K.L.:
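What follows is a structure written as structure tokens; I'll ask about it next.
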Amino acid sequence: MESLKKNRDFQIVYKKGKSYANRYLVMYLLENKLNKNRIGISVSKKVGNSVVRHRIKRLIKESCRLKDRNFAQGYDIIIIARTTAKEKSYQQIESAITHLAKLHHIIVDPAEKK
RNA sequence: UGAGUAGGACAAAUGGUCACGGCUGCAGAAACGAAAGGCUGCAGGUGAGGAAAGUCCGGGCUUCAUAGGGCAGGAUGCCGGAUAACGUCCGGUAGAGGUGACUCUAAGGCAAGUGCAACAGAAAUAAACCGCCGGAUUUUUCCGGUAAGGGUGGAAAGGCAGUGUAAAGGACUACCGCUUUUCUGGUAACAGAAAGGGCAGAUGUAAACCCCAUUCGAAGCAAGACCGAACAGAAAGCGAUACGGCUGCCCGUCGUGCUUUCGGGUAGGUUGCUAAAAUGGAUUGGUAACAAUUCAUUUAGAUAGAUGACCAUUCUGUAUAAAAAUACAGACAGAACCCGGCUUAUGUUCCUGCUCACAAA
RNA sequence: CGAGGUGUGGCUCAGUUUGGUAGAGCGCUACGUUCGGGACGUAGAAGUCGCGUGUUCGAAUCACGUCACCUCGA
């Protein structure tokens, strides 16, 4: 799974994409013309120190990796961690992502996709 | 047992499933490349710290500058040693704190110059307010001497005792202090002793300017080196031909065009990049910091940034509890060129030496 | 990786250069004025000067260390 790297990519999604949010995370979504999903993760310095931020990034990355086969393909996704996401467990982060994905209507049954 | 003091160690452990980044090996092939390679898959092995942090010092390395010297500016500042170097470390001296183990000290020079010292006080670096003494005048005031006493202040011109004097005063004497010279011990800081000197040159302040001694070129791996799409540019060639300008037409010329070469170099890529002042053990030298010799080991290299998630068992702690068991918790914190230090954060963790108090033998 | 700045009543800022008294405006409290409120007048309260150690007789000010925040350059 590829990731968004350049600031330009992020700015395009912020300007043209749609967003939903819940208690822990914010999710931006924009269609790209590719056949796969690209993901960008942003954690502000206000959330915590380097260890805390890095751990949140890993948790988001891991749950996206495991959930990717349930997602519709062809989107640029940006996930922003809010300060409340600090010190949260893997299950809480994963359920937050699933909730946001449902709001965006990108959940697809993998069997149906084939 | 309690309180303290100095030093050291560790940074929960094991297994399974699914992922990620380097490295090594093997295999694959439709597409990339002249090739090396890259790509895909599989296997093996490997992948955060004691502070990786703050960026406060020092060095390696790299580029630039530099004949040599000085000024300016910065840093350091008892002595000796260690070191690649340091503002670090070790050992000592002196001073300060503590009953003690022990700890702390920007610890050169106001006996070179300049500056500053509010308020109080008569007076703050220059001195007579009160007082004391003498003289004049005689109800009182003036002149002179005087720092023993008073009060102010952080500080009032060495301290204290005596001699002396009109009253006083290092004016003189003893002891102590300060300071100079010499001798002895020590590499030295310094310590001890003797002799001399003055104490109207002698208050404090240099984390006030400054003086003295030592020392420092500047910038940083986003340094630097190599390759290099795009693109600005230069040169040569291709024309009787496409367009536009000078011009209505022709010639000519300029620009746009195509090809080749040159050179600069952006995006990007490669390198720098991790085997080193390395780590561990032993021996020798040294009080020690450390050094030498020898043996063994190979130990992250990402590039928007890998080192993760879940499950099970065990360990430690807390709560409930007779126990079993259950629940919760397991700190501070994340490499980014590399080392040596300093500083800060951190656990009811573990170990050792020493001190004091109390009790018992 | 490198450079610089800020921290003072509830808020916004002086004072730091050249060390001795912490001050201004807004806000707050009380009283007066008004039928009542505002405005106005008078009086008053409110400060670990980010924190620690030191230098000094004396520190918001000087030195060192440290914490937090902000800005800039590559």
Side-chain angles (χ1 to χ4, degrees):
Chain A
M1 183 163 51
E2 288 192 20
S3 63
L4 293 172
K5 299 190 191 305
K6 289 292 175 186
N7 189 32
R8 195 188 310 155
D9 300 338
F10 277 80
Q11 291 304 326
I12 288 167
V13 176
Y14 286 147
K15 280 178 185 162
K16 300 190 175 173
K18 301 179 80 176
S19 73
Y20 284 101
N22 62 14
R23 189 171 173 73
Y24 303 136
L25 303 172
V26 182
M27 186 186 272
Y28 280 79
L29 197 72
L30 180 68
E31 273 190 75
N32 58 12
K33 301 290 188 240
L34 306 171
N35 200 19
K36 57 192 172 186
N37 285 344
R38 292 189 300 175
I39 191 161
I41 303 165
S42 171
V43 185
S44 163
K45 242 183 183 177
K46 287 175 189 168
V47 175
N49 62 23
S50 174
V51 174
V52 171
R53 297 199 306 272
H54 206 142
R55 176 168 169 81
I56 290 171
K57 271 190 267 180
R58 283 163 172 165
L59 290 174
I60 292 170
K61 195 170 150 192
E62 178 72 9
S63 47
C64 284
R65 184 179 68 80
L66 295 172
K67 290 282 167 192
D68 189 52
R69 58 206 177 86
N70 294 341
F71 288 169
Q73 298 298 305
Y75 291 98
D76 284 345
I77 303 167
I78 291 181
I79 295 171
I80 299 163
R82 310 177 75 174
T83 30
T84 45
K86 189 162 63 176
E87 309 281 320
K88 291 292 176 291
S89 71
Y90 173 74
Q91 282 86 359
Q92 286 171 300
I93 298 290
E94 190 191 34
S95 66
I97 287 175
T98 312
H99 173 240
L100 288 171
K102 277 177 186 164
L103 290 176
H104 277 295
H105 302 293
I106 56 168
I107 297 280
V108 179
D109 192 357
E112 190 182 306
K113 195 166 68 176
K114 285 199 172 176

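In this text, all values refer to a predicted model and were calculated from it rather than measured experimentally. Here is how names work: the chains are called A, B, and so on, in the same order as the sequence lines, proteins then strands, and each is numbered from 1.
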K.L.:
Within less than 4.0 Å of OP1 or OP2 of B:A48, is there a side-chain N or O belonging to A:H54?
P.N.:
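Answer no for this pair, as no side-chain N or O of A:H54 is under 4.0 Å from OP1 or OP2.
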K.L.:
So what stems show up for RNA chain C if we need 3 or more Watson-Crick or G-U pairs in a row, all under 3.5 Å?
P.N.:
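Result, WC/G-U stems under 3.5 Å: C:1-7 with C:67-73, C:10-13 with C:23-26, C:28-32 with C:40-44, C:50-54 with C:62-66.
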K.L.:
Give the rounded distance in Å between these two atoms: CZ of A:R65 and C1' of B:A309.
P.N.:
8 Å
K.L.:
B:G353 pairs with which nucleotide, Watson-Crick or G-U wobble, both distances below 3.5 Å?
P.N.:
B:U5
K.L.:
Please identify each residue that fulfils side chain to side chain contact (heavy atoms under 4.5 Å, CB included) with A:R53, with sequence neighbours left out.
P.N.:
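For A:R53, the residues satisfying side chain to side chain contact (heavy atoms under 4.5 Å, CB included) (neighbours in sequence not counted) are A:V43, A:K45, A:S50.
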K.L.:
Which whole-number value in Å describes the distance from A:I60 CD1 to B:G305 C1'?
P.N.:
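After rounding, the reported distance stands at 16 Å.
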K.L.:
Quick one: A:K61 NZ to B:A309 P, roughly how many Å, whole number?
P.N.:
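My rounded result for the distance is 12 Å.
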K.L.:
Tabulated below should be each protein N or O lying under 3.5 Å from an N or O of nucleotides 330-332 of chain B; please produce it.
P.N.:
none

K.L.:
Mind checking what makes ring pair (Phe, Tyr, Trp, His ring centres under 6.0 Å) contact with A:Y20, not counting sequence neighbours?
P.N.:
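For A:Y20, the residues satisfying ring pair (Phe, Tyr, Trp, His ring centres under 6.0 Å) (neighbours in sequence not counted) are A:H104.
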K.L.:
Applying the Watson-Crick and G-U wobble criteria at under 3.5 Å, what pairs with B:A82? Answer none if nothing qualifies.
P.N.:
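Partner of B:A82: B:U88.
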K.L.:
Need to verify one output field. Residue with the more 5' nearest nucleotide on RNA chain B, A:L66 or A:K57?
P.N.:
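It is A:L66 whose nearest nucleotide is closer to the 5' end.
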K.L.:
For nucleotides 302-304 of chain B, list the nitrogen or oxygen atoms of the protein found under 3.5 Å from its nitrogen or oxygen atoms, one pair per line.
P.N.:
{"residue": "B:A304", "atom": "O2'", "partner": "A:K5", "partner atom": "O", "Å": "3.4"}

K.L.:
Across all strands shown, which nucleotide pairs with B:G154 by Watson-Crick or G-U wobble geometry, both distances under 3.5 Å?
P.N.:
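Base partner found: none.
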K.L.:
Which whole-number value in Å describes the distance from A:E62 CD to B:A306 P?
P.N.:
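So the two atoms are 13 Å apart, to the nearest Å.
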K.L.:
Could you please name the partner base of B:U14, counting Watson-Crick and G-U wobble pairs only when both distances are under 3.5 Å?
P.N.:
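Answer to the pairing question: B:A312, which forms a Watson-Crick or G-U pair with B:U14.
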K.L.:
Given atom CD1 of A:I41 and atom C1' of B:G308, what is their separation to the nearest angstrom?
P.N.:
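It is 12 Å, rounded to the nearest whole Å.
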K.L.:
My understanding is that only residues two or more places apart in sequence, or in another chain, count here; which of them pass side chain to side chain contact (heavy atoms under 4.5 Å, CB included) with A:V52?
P.N.:
A:V47, A:N49, A:I56, A:K86, A:E87
K.L.:
Is B:C337 paired to anything, Watson-Crick or G-U wobble with both distances less than 3.5 Å, and if yes, which nucleotide?
P.N.:
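B:G60 is the nucleotide pairing with B:C337.
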K.L.:
Side chains of residues 21-29 of chain A: which donor-acceptor pairs under 3.5 Å do they make with residues two or more places apart or in other chains?
P.N.:
{"residue": "A:N22", "atom": "OD1", "partner": "A:Y24", "partner atom": "N", "Å": "3.2"}
{"residue": "A:N22", "atom": "OD1", "partner": "A:L25", "partner atom": "N", "Å": "3.1"}
{"residue": "A:N22", "atom": "ND2", "partner": "A:A96", "partner atom": "O", "Å": "3.3"}
{"residue": "A:N22", "atom": "ND2", "partner": "A:H99", "partner atom": "ND1", "Å": "3.1"}

K.L.:
What is the base-pairing partner of B:A53, counting Watson-Crick and G-U wobble geometry with both distances under 3.5 Å?
P.N.:
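Looking at the geometry, B:A53 pairs with B:U343.
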K.L.:
Return the value, rounded to whole Å, for the distance between atom CD of A:Q92 and atom C1' of B:A309.
P.N.:
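Rounding to the nearest Å, CD of A:Q92 and C1' of B:A309 are 15 Å apart.
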K.L.:
How many whole angstroms separate atom CZ of A:R58 from atom P of B:G21?
P.N.:
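The answer, rounded to whole Å, is 14 Å.
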K.L.:
Distance check needed: B:A306 C1' versus A:R55 CZ, whole Å only.
P.N.:
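My rounded result for the distance is 17 Å.
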K.L.:
Under the side-chain hydrogen bond (donor to acceptor under 3.5 Å, both in side chains) rule, collect the residues that match up with A:Q92, sequence neighbours excluded.
P.N.:
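side-chain hydrogen bond (donor to acceptor under 3.5 Å, both in side chains) list for A:Q92, sorted by chain: A:S89.
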